[in-house]
K.L.:
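The structure under discussion is supplied below as structure tokens; questions concerning it will follow.
The basis for the numbers below is simple: all heavy atoms, side chains too, and nothing from hydrogens, waters or symmetry mates.
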Amino acid sequence: MKTRFLGIPELTGTPSVAVVVDVMRAYTVAAWAFAQGAEKIVLAESLDDALALKARHPDWVALKDGPPAPGFDAVNSPGLLRSVDLGGRTVVQKTTAGTVGALAVKEASLVLCAGFVVAEATARHLRERGGDSVTFVVTGEDGRADEDLACAQYIARRVTEDGTDADGFLRRAGVSRAARELAEGVRQGVHPDDIALCLELDRFPFAMVATLEDSLMVLRPHTGDR
């Protein structure tokens with residue numbers, strides 16, 4: 001499998017297969033939303049778009065980065081979201097990097113969104129699809145976020161090497177700038193367990209596939225038996 005690891009600003013053209021990685025915290029949060037019962041996640045272009053979707057669909061759950069804000073129901077924290085019942089709900093998510101990365105490759109034939117919590121399921125989905133070229137979108141810090149790059153490299157290795165050890169990749173993520181900022185309170189809307197939750201390898205058995213539905217980018221869980 002031919003792989004590329006690109007930041008959002010480096011994307012040119014439309015890749016055939018894209019894996020959009022945001023470990024801390026967008027796609028850890030998305031996985032937790034599905035684990036809490038969410039049916040789908042709509043990835044919003046902007047905060048205004050998220051609020052407009054919420055206004056049209058009052059029963060949807062709007063989620064954003066940072067501290068709580070009027071019009072939004074939740075923040076981008078796995079530690080805070082894990083206690084929320086989302087059974088059958090639609091979540092609207094807007095984050096600084098993760099959702100931006102997915103929308104940047106929305107025309108790709110296959111878009112997967114990933115973090116360590118769904119790493120093996122993502123690798124399995126890539127193996128089953130059989131694509132020979134995959135672009136990993138490293139969303140944080142314009143492609144320099146080591147937690148995202150480490151996760152992307154781990155998933156890429158797992159596609160072809162079953163015996164790949166995750167420890168080194170997880171250590172890199174654990175000492176990354178994002179982890180440090182979460183630990184030091186630089187970022188807002190944080191739960192003390194967020195870092196640990198973002199580093200839980202293969203917590204969930206599903207991959208997360210994003211597709212265009214009526215002009216919206218919609219994320220859904222996908223398991224091998226579906």
Side-chain angles (χ1 to χ4, degrees), residues 7-8 20-106 111 113-115 117-118 137-142 145 147-148 176-198 204 208 210 212-221:
I8 297 170
V20 186
V21 182
D22 189 327
V23 173
M24 297 185 184
R25 295 165 286 170
Y27 295 130
T28 301
V29 166
W32 270 100
F34 290 129
Q36 293 301 106
E39 177 185 348
K40 64 183 179 182
I41 297 174
V42 176
L43 305 179
E45 295 266 4
S46 67
L47 293 175
D48 286 344
D49 286 342
L51 290 173
L53 286 166
K54 171 71 175 180
R56 292 201 297 272
H57 307 276
D59 58 325
W60 287 12
V61 177
L63 181 155
K64 64 176 282 293
D65 273 337
F72 287 89
D73 307 290
V75 296
N76 192 47
S77 161
L80 294 172
L81 196 69
R82 63 182 169 174
S83 61
V84 178
D85 181 5
L86 296 172
R89 305 287 292 279
T90 294
V91 173
V92 180
Q93 186 179 32
K94 170 66 181 86
T95 70
T96 305
T99 57
V100 176
L103 289 162
V105 293
K106 63 184 179 181
V111 179
C113 297
V117 292
V118 294
V137 183
V138 180
T139 60
E141 301 174 40
D142 290 336
E147 75 281 1
D148 293 340
S176 66
R177 175 181 173 182
R180 188 167 60 251
E181 289 181 351
L182 287 172
E184 295 174 354
V186 174
R187 302 187 183 191
Q188 295 181 294
V190 177
H191 187 279
D193 293 342
D194 278 357
I195 298 171
L197 292 172
C198 290
F204 304 112
M208 299 187 293
L212 283 171
E213 300 181 16
D214 297 324
S215 78
L216 295 175
M217 194 67 165
V218 178
L219 190 63
R220 297 180 186 273

K.L.:
What is the minimum heavy-atom distance between G88 and E39, and which atoms define it?
P.N.:
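Looking at all heavy atoms of both residues, the closest pair is O-OE1, 3.8 Å.
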
K.L.:
Within the structure provided, determine whether L63 and I41 are in side-chain contact (heavy-atom separation under 4.5 Å).
P.N.:
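No; the side chains remain at least 4.5 Å from each other.
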
K.L.:
Between T95 and V29, is the side-chain contact (heavy atoms from CB on, under 4.5 Å) condition met? List the steps.
P.N.:
CA-CA 11 Å; T95 70; V29 166; over 6 Å; no

K.L.:
So which pairs with a foot in residues 182-193 pass salt bridge (charged side-chain N to carboxylate O under 4.0 Å, His left out), sequence neighbours left out?
P.N.:
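Checked against salt bridge (charged side-chain N to carboxylate O under 4.0 Å, His left out) - neighbours excluded - the pairs reaching residues 182-193 are R82-D193, E181-R187.
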
K.L.:
May I have the step-by-step check of side-chain contact (heavy atoms from CB on, under 4.5 Å) for V190 and R25, ending in yes or no?
P.N.:
CA-CA 10 Å; V190 177; R25 295 165 286 170; 3.7 Å; yes

K.L.:
Step by step, would you call V91 with F34 a side-chain contact (heavy atoms from CB on, under 4.5 Å)?
P.N.:
CA-CA 9 Å; V91 173; F34 290 129; over 6 Å; no

K.L.:
Using a 4.5 Å cut-off on heavy atoms from C-beta on, say whether the side chain of T139 contacts that of V20.
P.N.:
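Yes, at least one pair of side-chain atoms sits under 4.5 Å.
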
K.L.:
Yes or no on side-chain contact (heavy atoms from CB on, under 4.5 Å) for L53 and L216, after CA distance, side-chain angles and deciding distance?
P.N.:
CA-CA 10 Å; L53 286 166; L216 295 175; 4.3 Å; yes

K.L.:
Any salt bridge (charged side-chain N to carboxylate O under 4.0 Å, His left out) pairs touching residues 53-75, not counting sequence neighbours?
P.N.:
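Counting only pairs at least two positions apart or across chains, the salt bridge (charged side-chain N to carboxylate O under 4.0 Å, His left out) contacts touching residues 53-75 are K54-D73.
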
K.L.:
Who passes side chain to side chain donor-acceptor pair (under 3.5 Å) against E213, sequence neighbours left out?
P.N.:
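E213 satisfies side chain to side chain donor-acceptor pair (under 3.5 Å) with T211, R220 once adjacent residues are dropped.
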
K.L.:
Among residues at least two apart in sequence or on other chains, which ones pass side chain to side chain donor-acceptor pair (under 3.5 Å) with K40?
P.N.:
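K40 satisfies side chain to side chain donor-acceptor pair (under 3.5 Å) with no other residue.
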
K.L.:
Is the backbone of G79 close enough, under 3.5 Å, to the side chain of D194 for a donor and an acceptor to pair up by distance?
P.N.:
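Looks like yes, one N/O pair under 3.5 Å.
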
K.L.:
Is the side chain of Q36 donor-acceptor paired with the backbone N or O of L86 at a distance under 3.5 Å, no angle test?
P.N.:
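Between the backbone of L86 and the side chain of Q36 there is no qualifying donor-acceptor contact (under 3.5 Å).
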
K.L.:
Mind checking whether I195 and M24 have side chains closer than 4.5 Å, heavy atoms only?
P.N.:
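When only atoms from C-beta onward are counted, M24 and I195 do touch, with a gap below 4.5 Å.
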
K.L.:
Could you pull out the closest heavy-atom pair between V138 and A145, with the gap in Å?
P.N.:
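Taking every non-hydrogen atom into account, CG1-O, 3.8 Å.
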
K.L.:
Taking ring pair (Phe, Tyr, Trp, His ring centres under 6.0 Å) as the definition, give me every residue that meets it alongside F204, ordered by chain and number, with sequence neighbours left out.
P.N.:
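Once residues adjacent in sequence are excluded, the partners of F204 under the ring pair (Phe, Tyr, Trp, His ring centres under 6.0 Å) criterion are W32, F206.
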
K.L.:
State, to 0.1 Å, how close L43 and A102 come at their nearest heavy-atom pair, and which atoms those are.
P.N.:
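Reported closest heavy-atom pair: CD1-CB, 3.6 Å.
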
K.L.:
Give the minimum heavy-atom separation between Q93 and N76, together with the two atoms involved.
P.N.:
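Reported closest heavy-atom pair: NE2-OD1, 3.4 Å.
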
K.L.:
Could you name each residue pair satisfying salt bridge (charged side-chain N to carboxylate O under 4.0 Å, His left out) that touches residues 85-105, not counting sequence neighbours?
P.N.:
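Listed once each, the pairs would be none.
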
K.L.:
Minimum heavy-atom separation for C198 and V23, please, with both atom names.
P.N.:
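Here C198 and V23 meet closest at SG-O, 3.2 Å.
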
K.L.:
At their closest point, which heavy atom of G189 faces which heavy atom of S77, and how far apart are they?
P.N.:
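Shortest heavy-atom contact: O-CB, 3.3 Å.
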
K.L.:
If we only count heavy atoms from C-beta on, is the C113 to D22 side-chain gap below 4.5 Å?
P.N.:
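In short, these two side chains do not touch, never coming nearer than 4.5 Å.
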
